[in-house]
Novice: 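Just passing along the structure, written as structure tokens.
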Amino acid sequence: MSVTDGTTGVVTQPEAPGLALVPYGQGRIRGLDADELGAHGIAMDRLVALGLPVVPGLTVPAGSAGSLGEPGTARAAVELVGQMSGRRVGDATRPLLLRLSASAPGEVAGLPPDLPCIGVTPDNAGDLCAVIGRAEALDEVWAGTVRMIAEYALGVPAALLDDALLDAPEPRARVEALLSLVTRHTGRPYPDDPAEQLALAARAVLARWDSPRARRSRRAQKLPAELGIALHVQALRIGPADRSGYGTAVSRHPETGRFAPQGSFFRGVRRSAPPPHTGEALERLTGGTTLLEHSLLTLERHLHAPVSVDFEVRDGEISLLAASVQSRPPLRASVCLAVDLARDGILGKEEAVRRIGPAQVQELLHPQLRLTGGEELLVRGLPASPGAAAGRIALSSERALELGAEGTPVVLVTHETTPADVPGMLASAAVLTGTGGIASHAAVVARGAGKPAVCGAAGLRVDMATGTVRIGDRVLHEGDPVSLDGRTGAVYAGTLSVSVAGPPPELSTLLEWADGARRLGVRVNADTAAEVSTAVALGAEGVGLCRTEHQFLGDRLPLIRSVILAADPAARDEALIALERAQHEDFKALLAAVGDRPVTVRLLDAPLHEFLPAPGEAGAAGDTAAEQRAAALREANPMLGLRGVRLAMLHERLYPAQAEALFSAWADVAATGVTPQLEVMIPLVSLPEELEAAAGFVRAAAETVAARTGVEVPYRLGTMIETPRAALLAAELAEHAEFFSFGTNDLTQLTYGFSRDDVERQVLTSYQERGFLTASPFARLDPHGVGALIALAVERARSVRPDIKLGVCGEHGGDPESIAFCDGLGLDYVSCSAHRVPVARMAAAHSALRARGSDENGTTA
Ligand code: PEP
Ligand code: MG
């Protein structure tokens, strides 16, 4: 006999002092924790506390779980669950069975399976099946329960059980074979009494949990071998199959992320694992899904996470069997939930922002390969531009353009790219190169265009003569399909499926809230009006870097080549006029797209190797003089040669021509009522004298345009800080500059002496393997060296010009950790490629929220 404690509702057993059977919902009142109640007991407690319908049941706490193996305790449990469900085990009209399960305090692999058919006997099985209307639904589950009890509680050897089952293909025959084997082996029939069955089931579950194999598994999971489990006895109310069943559901749609319960539903008696066939859609549940929706919504609001539930339906009524935070929910679901919770006032907006990291924003923005595990990995290169694509190999830009024009998705595969390849790159779905790093030409252009790219793929060899390319160990032909993932650097053979769903609209809401939380500005590195428009739509506040040399890519390359290769000053002046005319149009379009936002236009920084014709190219075109001039200009270290401001010092009309084109474009755009906040920037400066001279050219150009148009263009003049010397001489440079933009690509290259185009594939990979570096310093700003130089430059510059505007426009401007570093230095903005703008917005917000959090902690501490 059992008695109920009037105050707590806990049923205690007078026969076994200290033992408690704890009905669902009573654990906390009793002061029990997860160690005692198991994760399932805790979850059921929570459901009861939330007022949700739960299946009747109880927990035997871990500390006394063994007592359920004794008939007295088991009998009390049978009676109690019967009382709670208003049914009786053995009743033929409203039948009740019991289900025994176990749970540990947390997630554990290797829990014993549930035993769902406690209370079935050969005598009542017929009636039960008649109620359900489907015999096989009960028999299969019953066979599973008997088998486990026979093996673990009654000591019938597994081999004998397997043999018995082999000869009995039908579920009912299997049950009969198992029951007669039990009788033969133990000398006693399998008990009919539900309490005896429950006691045996408890012993079986505990014996299995205590088996050497289960203990080994716990050790492998770094869990104590002695870890206890709680036992749970649940009512299994049997009803007609057309109105009863069980299922699982999650709260959110996996594709949209919206609240829309998804799951399946099975008719018949609950098993421990879902049946092999697919269940029915939830909508087919008699009684609809309203109660399920209410339960899932309540749980989400309580747990602040996408949730999953196991549920049971009896005569159209749903009750919950289990509920938990959904493990690995789709990212979209997490984003939509965060927004829903904040809109409903359950979370603050900042808390919603905190829940989605910058890397997750990136994941949502770019397509991804759907990997199944059977793919052939050809090679792993550097993850140069995120996103994924599949396409046919094109070994030249020309071929990429041809195939692209036919509508064939193309992957441009080449040793390296040059400005001449840009049209081919833009016509391709993705780019794969054998050399170059993540700050190389191919990577920078691909990121700007939002195309996935893998660079520096070791061993990639293009053989134009045979139209083949060696990638990894394979030789592929032009036209063969490949797929690549620019986020991981992996390149696969064949056409893999690509997920292309864009981010949910809720991401924009979250990013707007992120904007409200951040201090650091986010601009875009964009060279064309189209890129600016894309970036503005993605939330860029302005342009932090327009690389004017990028306006001369592809078929406009001759314009800049004519300037560089001009035979004499007259030819150069003529070439400059053509360049100025072209730039005027480009700038007008760019400035119109920028609107009233800030825009930093960098005057020409053309590394000669990117812009000179290939050896023999001019000669083959019949211009031997140009071939000779190009040969004379070729440099051993082009990235350290006639670049940036240096070219402007040699060709003194170059910057004035550009600046005049820019200022007159501004005047034209201003006439339409649009007034961009213009910033003119001088690249690759090391000497204050270089900056002073270049600034003179720009000022003179502004005066020329003012005299010609009558418009005095408002602008700021500044410089990039890209060389260590420039950083060290920041105070002197600040005398001539109203703003600095840290070119961290070159600053990293020159601080380490690491060629940005060469070291990543071998040196940096090896350094990361050796543990010298945790990430490429071209991807993640090195805080100790490069970062220290930036910090020093900031301090020195502000000592001269306290209101100097400071930004970063190297690739680091899109990397979350580097962004946090820049935020910490109090820079004004970061600038990155268009498709990284949302990532940067979120990273800047997280950085600000972290800082706020630590301030708050500091205050309260
Ligand atoms: C830099 O060096 O960081 C930079 C932005 O300039 P570029 O990549 O064009 O050399
Ligand atoms: Mg640079």
Side-chain angles (χ1 to χ4, degrees), residues 384-385 417-419 422 436-448 455 523-528 531 543-553 560 599-611 637-648 679 681-686 690-691 694 718-727 739-758 760 776-782 786-787 789-790 793 806-815 818-819 821-822 827 829-834 836 840:
S385 178
T417 62
T418 69
V422 171
I438 50 181
S440 66
H441 176 268
V444 169
V445 173
R447 271 197 296 273
C455 291
R523 296 199 199 176
V524 65
N525 292 354
D527 311 317
T528 62
E531 279 175 21
V543 174
L545 174 64
C546 166
R547 293 174 164 103
T548 50
E549 66 279 5
H550 281 189
Q551 294 172 337
F552 299 102
L553 304 176
I560 195 156
V599 51
T600 311
V601 177
R602 179 178 79 183
L603 300 185
L604 210 69
D605 175 12
L608 285 188
H609 66 308
E610 287 186 11
F611 290 88
N637 285 315
M639 293 302 270
L640 303 179
L642 194 55
R643 281 187 62 193
V645 70
R646 301 167 198 170
L647 189 65
E679 297 170 348
M681 182 157 76
I682 312 298
L684 211 76
V685 163
S686 293
E690 288 172 322
L691 180 58
T719 184
M720 294 194 73
I721 302 293
E722 297 180 277
T723 70
R725 191 172 201 278
F739 69 89
F740 281 174
S741 180
F742 291 93
T744 47
N745 302 333
D746 277 311
L747 193 57
T748 300
Q749 171 166 256
L750 296 171
T751 302
Y752 278 96
F754 278 161
S755 160
R756 63 197 257 191
D757 293 303
D758 299 304
E760 265 174 304
S776 159
F778 288 105
R780 183 146 306 150
L781 193 77
D782 150 43
V786 182
L789 272 175
I790 296 177
L806 300 166
V808 159
C809 64
E811 287 311 310
H812 306 90
D815 169 64
S818 312
I819 289 171
F821 180 83
C822 296
L827 300 193
Y829 66 89
V830 288
S831 189
C832 59
S833 52
R836 296 176 94 186

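Whatever order the structure lists ligands and atoms in, that order sets their numbers, starting from 1. Predicted, not measured: the structure shown is a model, and the values here were computed from it. For reference, positions follow the sequence shown, starting with 1.
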Novice: Please report which non-hydrogen protein atom sits nearest to atom 6 (O) of ligand 1, along with the residue it belongs to and the distance in Å to one decimal place.
Specialist: Arg602 NH1, 3.0 Å
Novice: Within a distance under 4.0 Å of any heavy atom of Gly743, pick out the atoms of ligand 1 and give their elements.
Specialist: 1 (C), 2 (O), 3 (O)
Novice: Taking 4.0 angstrom as the limit and counting only heavy atoms of Leu545, give me the atoms of ligand 1 inside it, by number and element.
Specialist: 5 (C)
Novice: Salt-bridged, Arg523 to Glu679, with N to O below 4.0 Å?
Specialist: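 Yes, this pair counts.
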Novice: Tell me the contacting part of Met681 for ligand 1: side chain, backbone, both, or neither, using a 4.0 Å heavy-atom threshold, strictly below.
Specialist: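 Contact part for Met681 vs ligand 1: neither.
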Novice: Nearest 0.5 Å, what's the OG1-CG distance between Thr600 and Asn525?
Specialist: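 Separation between the atoms: 9.5 Å.
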Novice: If the cut-off is 4.0 Å to any non-hydrogen atom of Arg756, which atoms of ligand 1 fall inside it?
Specialist: 2 (O), 7 (P), 8 (O), 10 (O)
Novice: What part of Arg643, side chain, backbone, both or neither, has a heavy atom within less than 4.0 angstrom of ligand 1?
Specialist: side chain
Novice: So which bit of Arg547 gets within less than 4.0 Å of ligand 1, heavy atoms only: side chain, backbone, both or neither?
Specialist: side chain
Novice: Roughly how far apart are Leu691 CG and Ser686 OG, rounded to 0.5 Å?
Specialist: 11.0 Å
Novice: Report yes if some N/O of Glu549 lies less than 3.5 Å from some N/O of ligand 1; otherwise report no.
Specialist: no
Novice: What are the two closest non-hydrogen atoms of Gly641 and Arg646, and how far apart are they?
Specialist: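 In terms of heavy atoms, the two residues are closest at O-NH1, 2.9 Å.
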Novice: I'd like to check Asp746 versus Met639 (side-chain heavy atoms, cut-off strictly below 4.5 Å). Are they in contact?
Specialist: yes
Novice: Are Leu750 and Leu640 side-chain neighbours, meaning at least one heavy-atom pair lies under 4.5 Å?
Specialist: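 Yes, at least one pair of side-chain atoms sits under 4.5 Å.
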Novice: On a heavy-atom basis, which atom in Leu604 and which in Pro683 lie closest, and how many Å separate them?
Specialist: O-CG, 3.6 Å
Novice: Heavy-atom distance under 4.5 Å between the side chains of Leu603 and Ile682, does that happen here?
Specialist: yes
Novice: Considering only heavy atoms, which of Asn745, Leu750, Thr748 lies nearest to atom 3 (O) of ligand 1?
Specialist: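 Considering heavy atoms of Asn745, Leu750, Thr748, the nearest to atom 3 (O) of ligand 1 sits in Asn745.
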Novice: The Mg ion (ligand 2) to Asp605: any N/O/S contact under 2.8 Å?
Specialist: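 Here the distance criterion (N, O or S atom, under 2.8 Å) is not met by Asp605, so no.
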Novice: Between Phe740 and Phe742, what is the ring plane arrangement, given parallel below 30°, perpendicular above 60°, and tilted in between?
Specialist: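 Rings of Phe740 and Phe742: perpendicular, as their planes differ by over 60°.
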Novice: Among the N/O/S atoms of Glu722, which is closest to the Mg ion (ligand 2)? Give the atom name.
Specialist: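 Of all N, O or S atoms in Glu722, the Mg ion (ligand 2) lies closest to OE2.
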Novice: Can you find an N/O atom of Thr744 closer than 3.5 Å to an N/O atom of ligand 1?
Specialist: yes
Novice: If you measure from each heavy atom of Met720 to ligand 1, is any distance below 4.0 Å?
Specialist: yes
Novice: Just let me know how Gln749 lines up against ligand 1, side chain, backbone, both or neither, with a heavy-atom cut-off below 4.0 Å.
Specialist: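 Within the 4.0 Å criterion, Gln749 makes no contact with ligand 1.
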Novice: Numbering the atoms of ligand 1 from 1, which are under 4.0 Å from a heavy atom of Cys809?
Specialist: 5 (C)
Novice: How about Thr418 and Glu610: does a side-chain donor come under 3.5 Å of a side-chain acceptor?
Specialist: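 There is no such pair (donor and acceptor under 3.5 Å, judged by atom type) between the side chains of Thr418 and Glu610.
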Novice: Measure the spacing between OG1 of Thr751 and CD1 of Ile790 and express it to the nearest 0.5 Å.
Specialist: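 If we round to the nearest 0.5 Å, Thr751:OG1 and Ile790:CD1 are 8.5 Å apart.
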Novice: So which N/O/S atom does Asp746 have closest to the Mg ion (ligand 2)?
Specialist: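 Closest to the Mg ion (ligand 2) among those atoms: OD2.
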Novice: Which is it for Met639 and ligand 1 at heavy atoms under 4.0 Å: side chain, backbone, both or neither?
Specialist: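 Neither; no heavy atom under 4.0 Å.
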